[in-house]
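Written below as structure tokens is the structure these notes are about.
Every chain is numbered from 1 and lettered A, B, ... according to where its sequence line falls, protein lines coming before strand lines.
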2 protein chains.
Amino acid sequence: MVPAASFSMRVSSKAHYGLRMMTEFTRGYGKGPMSIAEVARVEHLPVAYLEQLAAQLRRGGLIESTRGVHGGYALTRPPEQISVLDVVRIVEGEVSPVECVAHDYVSGSCIREGECASRGLWLRLKESIDTVLSQTTLGDLLADHALIDSMAPGTPA
Amino acid sequence: MVPAASFSMRVSSKAHYGLRMMTEFTRGYGKGPMSIAEVARVEHLPVAYLEQLAAQLRRGGLIESTRGVHGGYALTRPPEQISVLDVVRIVEGEVSPVECVAHDYVSGSCIREGECASRGLWLRLKESIDTVLSQTTLGDLLADHALIDSMAPGTPA
DNA sequence: AGAAATCCCGACTGACATAGTCAGGATTAT
DNA sequence: ATAATCCTGACTATGTCAGTCGGGATTTCT
């Protein structure tokens with residue numbers, strides 16, 4: 001890995017991997033459960049790590065599991081009804097640039113409340129992020145992907 | 001500190017403090033340099049830490065320093081010409097949710113380029129964040145703050 | 001019944017980033 | 001000269017992240 005100049009407002013690899021796994025489940029939607037092993041194989045991700053993420057996503061109600069030999073996971077709802085925000089919230093927690101605009105923020109926790117010049121900014125930022133992430137569904141991601149596949153390779157950016 | 005349910009897409013305290021320091025410099029704009037000691041006092045932040053941030057902001061060209069007894073820092077441009085994004089970029093680096101949409105991304109670094117379903121999403125997210133942060137200036141922050149001050153306290157949220 | 005495939009769970013770990021501290025040097029006003 | 005200020009680099013403690021590991025539970029297939 002290249003050191004890579006640090007950047008901010010990242011999503012963790014948890015969210016990233018989680019989303020990739022969910023797009024695989026989307027691809028297999030309606031065809032019975034898909035195993036972690038298969039996801040790991042096609043996405044080149046570590047099995048044990050995916051297992052953890054899958055457990056979270058299941059507890060969060062986005063996927064359901066079937067145990068045993070032909071078991072695996074499947075989306076509990078159609079891909080058009082699951083947003084990227086749903087996924088990110090489950091594996092990373094609420095999206096919020098600072099504590100004082102999180103949903104569970106207890107009014108008064110920040111001593112500077114009232115003299116704070118930037119809370120409005122953080123609120124706008126949070127809303128803006130939430131909007132982008134909630135407007136994109138797993139269905140959209142797969143549709144975009146199909147579009148890319150159908151284009152000739154080497155198309156200039 | 002309360003454990004606080006983890007959340008994602010955070011800005012670091014570096015960015016947070018840096019911005020608070022910059023709003024102090026904004027308040028003092030046109031009245032000669034303001035010392036780190038004073039910023040630390042009114043914002044209740046550690047002097048030594050602010051010194052580091054100030055050094056970065058100076059190297060980034062947003063503030064200029066005067067040494068010696070009545071020294072301190074002052075904005076190099078009017079507050080209306082400095083955006084929050086300028087500040088965040090200097091102390092935290094570029095804003096980008098994932099590596100592959102960062103400005104200095106070398107095409108081909110990600111093996112999954114071409115089969116990636118979510119790059120479009122991350123691009124939209126990055127743009128959205130950049131927009132919010134670049135549209136708000138230090139001048140705006142202070143104006144909002146003045147507005148809050150003029151309201152009666154105890155106003156329900 | 002037994003083997004194999006799968007989910008399930010909690011504990012563990014190494015590397016790195018964050019949020020600072022600290023000691024001391026350089027510059028300037030009084 | 002002294003004091004206030006900026007300036008720098010090294011240091012450190014804590015926490016998070018990304019991932020591993022060992023073993024258990026459930027189901028299907030033969």
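With 3.5 Å as the limit, one finds a donor-acceptor pair spanning the side chains of A/Glu92 and A/Ser12. In this model, no donor atom of one side chain and acceptor atom of the other lie less than 3.5 Å apart for B/Arg89 and A/Ser8.
Per the geometry, CD1 belonging to A/Ile36 stands 15 Å off P belonging to D/dG19, to the nearest Å. As rounded to whole Å, 12 Å separates atom P of C/dC9 from atom CD of A/Gln56. In this structure, the CZ atom of A/Phe25 is 12 Å from the C1' atom of C/dT6, given to the nearest Å. Atom CE of A/Met21 is separated from atom C1' of D/dG19 by 14 Å (rounded to the nearest Å). One can place CG of A/Leu45 at 15 Å from C1' of D/dC17, the figure rounded to the nearest angstrom. One atom, CZ of A/Arg10, and another, C1' of D/dA18, lie 14 Å apart when rounded to the nearest Å. Distance, A/Leu50 CG to C/dT6 P: 14 Å, rounded to whole Å. Atom NE2 in A/His44 sits about 18 Å away from atom C1' in D/dG19, given to the nearest Å.
Side chain of A/Arg67, nearest nucleotide from D/dC17, D/dT26, D/dT8: D/dT26. When the nucleotides D/dG19, D/dC7, C/dC7 are ranked by their closest atom to the side chain of B/Glu51, D/dC7 comes out on top.
In terms of position along DNA chain D, the nucleotide closest to B/Ala37 lies nearer the 5' end than the nucleotide closest to the other residue of the pair B/Ala37 and B/Ala48. For A/Gly68 and A/Tyr49, each mapped to the nucleotide of DNA chain D holding its nearest heavy atom, the one lying further toward the 5' end belongs to A/Tyr49. In this structure, A/Ser35 and B/His70 both approach DNA chain C, and ranking their closest nucleotides by distance from the 5' end singles out A/Ser35. Where A/Ala55 and A/Gly71 meet DNA chain C, the nucleotide closest to each residue was compared, and A/Gly71 sits on the side nearer the 5' end.
Between A/Ser13 and D/dA18, a side-chain N or O to OP1/OP2 separation shorter than 4.0 Å is present. Checking the phosphate oxygens (OP1, OP2) of C/dC9, a side-chain nitrogen or oxygen of A/Arg58 falls inside 4.0 Å. Taking only side-chain nitrogens and oxygens, B/Ser65 comes nearer than 4.0 Å to OP1 or OP2 of D/dC7. A close approach under 4.0 Å does occur between a side-chain nitrogen or oxygen of A/Arg59 and OP1 or OP2 of C/dC9. OP1 and OP2 of C/dT6 both lie 4.0 Å or more from every side-chain N or O belonging to A/Tyr73.
The cationic group of B/Arg10 lies under 6.0 Å from the six-membered ring centre of B/Phe7 and within 45° of the ring axis, placing it in a cation-pi geometry.
Between B/Tyr73 and B/Phe25, the ring planes lie tilted relative to each other; the angle falls in the 30° to 60° range. The aromatic rings of A/Tyr49 and A/Tyr17 sit perpendicular to each other, their planes meeting at more than 60°, with 30° as the lower class boundary.
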